[in-house]
Student: 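Structure incoming, see below.
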Amino acid sequence: MARDTLHGLRPKPRRTKAPAAPASPGAAERVEAVMARLAGADPDPKAGFDDTDPFRLLVTVLLSAQSTGPTVARIADALFARAKDPAGMRALGEAEITDIIRPVGLGPSKARNIVKLSAALIETYGGTVPRSAAEMRLLPGIGRKSAEVTANFAFHEPVIAVDTHVFRVSNRIPLAPGGTVDAVADGLALAVPERFKDGAHVWLFRHGRDTCTARKPDCPRCPVSDLCTWPGREI
């Protein structure tokens, strides 16, 4: 597997152990069993992310839209070598930021939002990132996924961000089926037991990226295959 990056963030090495014993599938029971199985295989899903600066995390997730993790990680390193806080980003300005972040795509609009959210953080929050996803979503350029990833990783808010991998896994197994990202996110918030919410995004993200892939899911290697009801599942 390629080096593990989540939304452009680089973790330290992490430990894994064998999956838990099978559990009986069912509606709420299926969700709990799937999460328990994924948690058993990856008991420390955020290893290496604990010292992530909230502002850097917020900007990095913003950069990750329509770009790959390794590219975002490299560009985030270059950007934060020039400016490390909202005041620095605001001083750097749109043109300089655009030049630095051009490889991640949508450079001008992302640069504009970085400057605007930096100004908003200074003017409204004294230069610090607010602790809740709801407050972060009021910042320029910050949507639900960016806010919930940051709130969950930086402040352990029990929210489950939904990206393309989480959306796919949630609809396939299913865990919280829905036609939109918001519908799936709202469904996961209700369906996932509280004790699994802190790590749920990482578990589902990695499962969708590495095993339950879009084109050719690796069902024989899937630790929750027996809990999955997807018609296309390979038996």
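The structure displayed is predicted, hence computed values, not measured ones. Position 1 is the first residue of the sequence; numbering continues from there.
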Student: Check I114, N113, V59 against I97 for a side-chain contact (heavy atoms from CB on, under 4.5 Å) and give me the one that passes.
Tutor: I114
Student: Among residues two or more places apart or on two chains, list those pairs meeting side-chain hydrogen bond (donor to acceptor under 3.5 Å, both in side chains) that have a residue in residues 128-144.
Tutor: S132-E135, R144-E148, R144-D182, R144-D186
Student: Using every non-hydrogen atom in the two residues, find where P174 and R30 come nearest and quote the distance to one decimal.
Tutor: O-CD, 3.5 Å
Student: Test: ring pair (Phe, Tyr, Trp, His ring centres under 6.0 Å). Region: residues 88-124. Which pairs qualify, not counting sequence neighbours?
Tutor: none
Student: Where is the tightest heavy-atom contact between R172 and C212, given as atom of each residue plus distance?
Tutor: NH1-SG, 3.2 Å
Student: Can you confirm whether M136 sits close enough to S146 that some side-chain heavy atom of one is under 4.5 Å from a side-chain heavy atom of the other?
Tutor: no
Student: Run the side chain to side chain donor-acceptor pair (under 3.5 Å) test against D53 and tell me which residues pass, sequence neighbours left out.
Tutor: none
Student: Taking side chain to side chain donor-acceptor pair (under 3.5 Å) as the definition, give me every residue that meets it alongside R168, ordered by chain and number, with sequence neighbours left out.
Tutor: H165
Student: Please identify which of these residues, T164, D163, D210, meets the side-chain contact (heavy atoms from CB on, under 4.5 Å) condition with F205.
Tutor: D163
Student: Begin with the C-alpha distance, continue with both residues' side-chain angles, and end with the deciding distance and a verdict on side-chain contact (heavy atoms from CB on, under 4.5 Å) for V162 and K145.
Tutor: CA-CA 6 Å; V162 175; K145 188 199 84 170; over 6 Å; no
Student: T71: which residues meet the side chain to side chain donor-acceptor pair (under 3.5 Å) condition with it, sequence neighbours left out?
Tutor: T68
Student: Test salt bridge (charged side-chain N to carboxylate O under 4.0 Å, His left out) on R37 and D42 and set out the steps.
Tutor: CA-CA 9 Å; R37 197 82 62 81; D42 186 5; over 6 Å; no
Student: Under the criterion side-chain contact (heavy atoms from CB on, under 4.5 Å), I'd like the reasoning laid out for R56 against D77: C-alpha separation, chi angles, the key distance, then a yes or no.
Tutor: CA-CA 10 Å; R56 177 168 179 144; D77 286 344; 2.4 Å; yes
Student: Do you know which two heavy atoms are closest between G208 and V169, and how far apart they sit?
Tutor: CA-CG2, 3.5 Å
Student: Determine whether more than 12 heavy atoms belonging to other residues, nucleotides or ligands lie under 6.0 Å from atom NZ of K197.
Tutor: yes
Student: Using a 3.5 Å distance criterion without hydrogens, assess whether the side chain of E157 forms a donor-acceptor pair with backbone atoms of A133.
Tutor: yes
Student: To the closest 0.5 Å, what do you measure between CG (L79) and CG (L63)?
Tutor: 6.5 Å
Student: Who passes ring-ring contact (aromatic ring centres under 6.0 Å, His included) against F196, sequence neighbours left out?
Tutor: none
Student: Under 3.5 Å, is there a donor-acceptor pair between the side chain of H201 and the main chain of A161?
Tutor: yes
Student: Please identify each residue that fulfils salt bridge (Lys or Arg N to Asp or Glu O under 4.0 Å) with D198, with sequence neighbours left out.
Tutor: K46
Student: Rounded at 0.5 Å granularity, tell me how far CG in L227 sits from CZ in R233.
Tutor: 9.0 Å
Student: Any side-chain heavy atom of D85 sitting closer than 4.5 Å to one from M89?
Tutor: no
Student: Does some side-chain heavy atom of F153 sit less than 4.5 Å from a side-chain heavy atom of V202?
Tutor: yes
Student: Heavy-atom distance under 4.5 Å between the side chains of V184 and L175, does that happen here?
Tutor: no
Student: Given salt bridge (charged side-chain N to carboxylate O under 4.0 Å, His left out), test E234 with K216 step by step and report yes or no.
Tutor: CA-CA 10 Å; E234 181 182 340; K216 192 176 181 181; over 6 Å; no
Student: Taking only residues two or more places apart in sequence or in another chain, which ones pass side chain to side chain donor-acceptor pair (under 3.5 Å) with S109?
Tutor: none
Student: Would you mind reporting whether I75 and T60 have side-chain heavy atoms less than 4.5 Å apart?
Tutor: no
Student: To check you understand the geometry: which heavy-atom pair defines the closest contact between P45 and G199, and what is its length?
Tutor: CG-CA, 4.0 Å
Student: After noting the C-alpha distance and the side-chain angles of I173 and T229, does the key distance pass the side-chain contact (heavy atoms from CB on, under 4.5 Å) rule?
Tutor: CA-CA 6 Å; I173 292 176; T229 66; over 6 Å; no
Student: For P86 versus G127, what's the shortest heavy-atom pair and its separation?
Tutor: CG-O, 3.5 Å
Student: Flag yes if I142 and Y125 sit in one hydrophobic cluster, no otherwise; membership is Ile, Leu, Val, Met, Phe, Trp, Tyr, and two members link when side-chain heavy atoms are under 4.5 Å apart.
Tutor: yes
Student: Is there a path of hydrophobic side-chain contacts, each under 4.5 Å between heavy atoms of I/L/V/M/F/W/Y residues, joining V159 to M35?
Tutor: no
Student: Same hydrophobic cluster for I122 and L58, using side-chain heavy-atom links shorter than 4.5 Å among ILVMFWY?
Tutor: no
Student: Would you indicate whether the side-chain heavy atoms of S170 and L188 approach each other to under 4.5 Å?
Tutor: yes
Student: With no hydrogens and no angle check, is any side-chain donor or acceptor of N171 less than 3.5 Å from a backbone partner on G178?
Tutor: yes
Student: Can you sort out the partners of F80 under ring-ring contact (aromatic ring centres under 6.0 Å, His included), two or more places apart, ordered by chain and number?
Tutor: F55
Student: In the single-linkage hydrophobic clustering (I, L, V, M, F, W, Y; side-chain heavy atoms under 4.5 Å), do L204 and V181 co-cluster?
Tutor: yes
Student: Taking side-chain hydrogen bond (donor to acceptor under 3.5 Å, both in side chains) as the cut-off, I'd like each qualifying pair that reaches into residues 93-107, sequence neighbours left out, listed once.
Tutor: R82-E96, D99-R102
Student: Determine which pairs satisfy ring pair (Phe, Tyr, Trp, His ring centres under 6.0 Å) with at least one residue from residues 82-104, sequence neighbours left out, and list them in order.
Tutor: none
Student: So do L121 and P130 actually touch side chain to side chain, heavy atoms under 4.5 Å?
Tutor: yes
Student: According to the ring pair (Phe, Tyr, Trp, His ring centres under 6.0 Å) rule, which pairs have a member within residues 210-235, sequence neighbours left out?
Tutor: none
Student: Report yes if the side chains of T213 and D218 come closer than 4.5 Å at any heavy-atom pair, otherwise no.
Tutor: no
Student: Shortest non-hydrogen contact from L92 to A83?
Tutor: CD2-CB, 4.2 Å
